[in-house]
Amino acid sequence: RRLNDGLRALARSLNLDFLFIDTHPGLSKETFLSMAIAHMVILVLRPDKQDYQGTAVTLDVTRQLRVRNVSLVVNKVHRGLDFTELRSKVEQTYGVPVA
């Protein structure tokens, strides 16, 4: 509750349109709290096996927390990959848009 109140007060006092909270990879208490109060969650996905699994778990948590607005950003894509095809595969796999 204090985190939520503090972030709202900060956004009001600075007249912010957006406030980005960058948490470390994985799920922690801070990540859960940040996702629970967010209007939008943007997850950064690196196209490798470990990140695919971690993203699936994190998206499951966003669904349980009823986060309405979730997007993915695909990072560190090898130049040889077809990004349009990768985007389509990621969106179909996770059921959320790639920003």
Side-chain angles (χ1 to χ4, degrees):
R1 177 112 176 108
R2 287 177 54 195
L3 176 64
N4 191 8
D5 293 343
L7 291 175
R8 288 184 191 279
L10 177 67
R12 268 193 311 274
S13 69
L14 297 176
N15 197 27
L16 300 177
D17 293 321
F18 297 96
L19 175 63
F20 289 86
I21 303 169
D22 183 11
T23 63
H24 58 82
L27 296 171
S28 66
K29 183 178 180 181
E30 293 81 14
T31 306
F32 282 115
L33 291 171
S34 298
M35 287 192 304
I37 64 173
H39 292 276
M40 178 177 201
V41 170
I42 300 171
L43 298 174
V44 179
L45 165 69
R46 195 175 59 235
D48 64 36
K49 187 175 181 176
Q50 182 179 357
D51 234 28
Y52 282 130
Q53 292 172 333
T55 298
V57 171
T58 305
L59 284 171
D60 187 46
V61 170
T62 63
R63 289 178 181 114
Q64 290 178 32
L65 293 172
R66 295 188 178 124
V67 178
R68 288 183 237 140
N69 217 348
V70 180
S71 291
L72 291 171
V73 171
V74 183
N75 191 24
K76 295 186 179 181
V77 177
H78 188 274
R79 290 183 191 182
L81 290 176
D82 178 345
F83 186 73
T84 303
E85 185 178 316
L86 177 63
R87 175 187 211 150
S88 177
K89 183 177 180 179
V90 168
E91 288 179 341
Q92 288 175 351
T93 299
Y94 295 111
V96 297
V98 172

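The figures that follow rest on heavy atoms only: side chains count, while hydrogens, waters and symmetry mates do not.
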Kindly give the heavy-atom pair with the smallest separation between [X] and [Y], and that separation in Å.
| X | Y | value |
| --- | --- | --- |
| I37 | L7 | CD1-CD1, 3.4 Å |
| S71 | M40 | OG-CE, 3.4 Å |
| M35 | T58 | SD-CG2, 4.1 Å |
| G80 | H78 | N-ND1, 2.9 Å |

Kindly compute the distance separating OG1 (T55) from CZ (R46), expressed to the nearest 0.5 Å.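 If I round to the nearest 0.5 Å, the distance is 9.5 Å.
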Rounded to the nearest 0.5 Å, what separates atom CG in D60 from atom CG in L65?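 Result: 9.5 Å between the selected atoms.
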Given N69, L72, L43, the one that forms side chain to side chain contact (heavy atoms under 4.5 Å, CB included) with V96: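 Output: one option passes, namely L72.
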Could you tell me if the side chain of Y94 sits less than 4.5 Å from the side chain of L45, heavy atoms only?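 Yes - at least one pair of side-chain heavy atoms lies under 4.5 Å apart.
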Please tell me whether [X] and [Y] are part of a single hydrophobic cluster in this structure, the criterion being side-chain heavy atoms less than 4.5 Å apart.
| X | Y | answer |
| --- | --- | --- |
| Y52 | L81 | yes |
| L59 | I21 | no |
| L19 | I42 | no |
| V73 | V41 | no |
| V74 | F20 | no |

Between E85 and K89, is there a side-chain N and carboxylate O pair less than 4.0 Å apart?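 Not counted as a salt bridge, because no side-chain N and carboxylate O are separated by less than 4.0 Å.
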For the residue pair S28 and T31, confirm or rule out a side-chain donor-acceptor distance under 3.5 Å.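 Result is yes, a qualifying pair exists.
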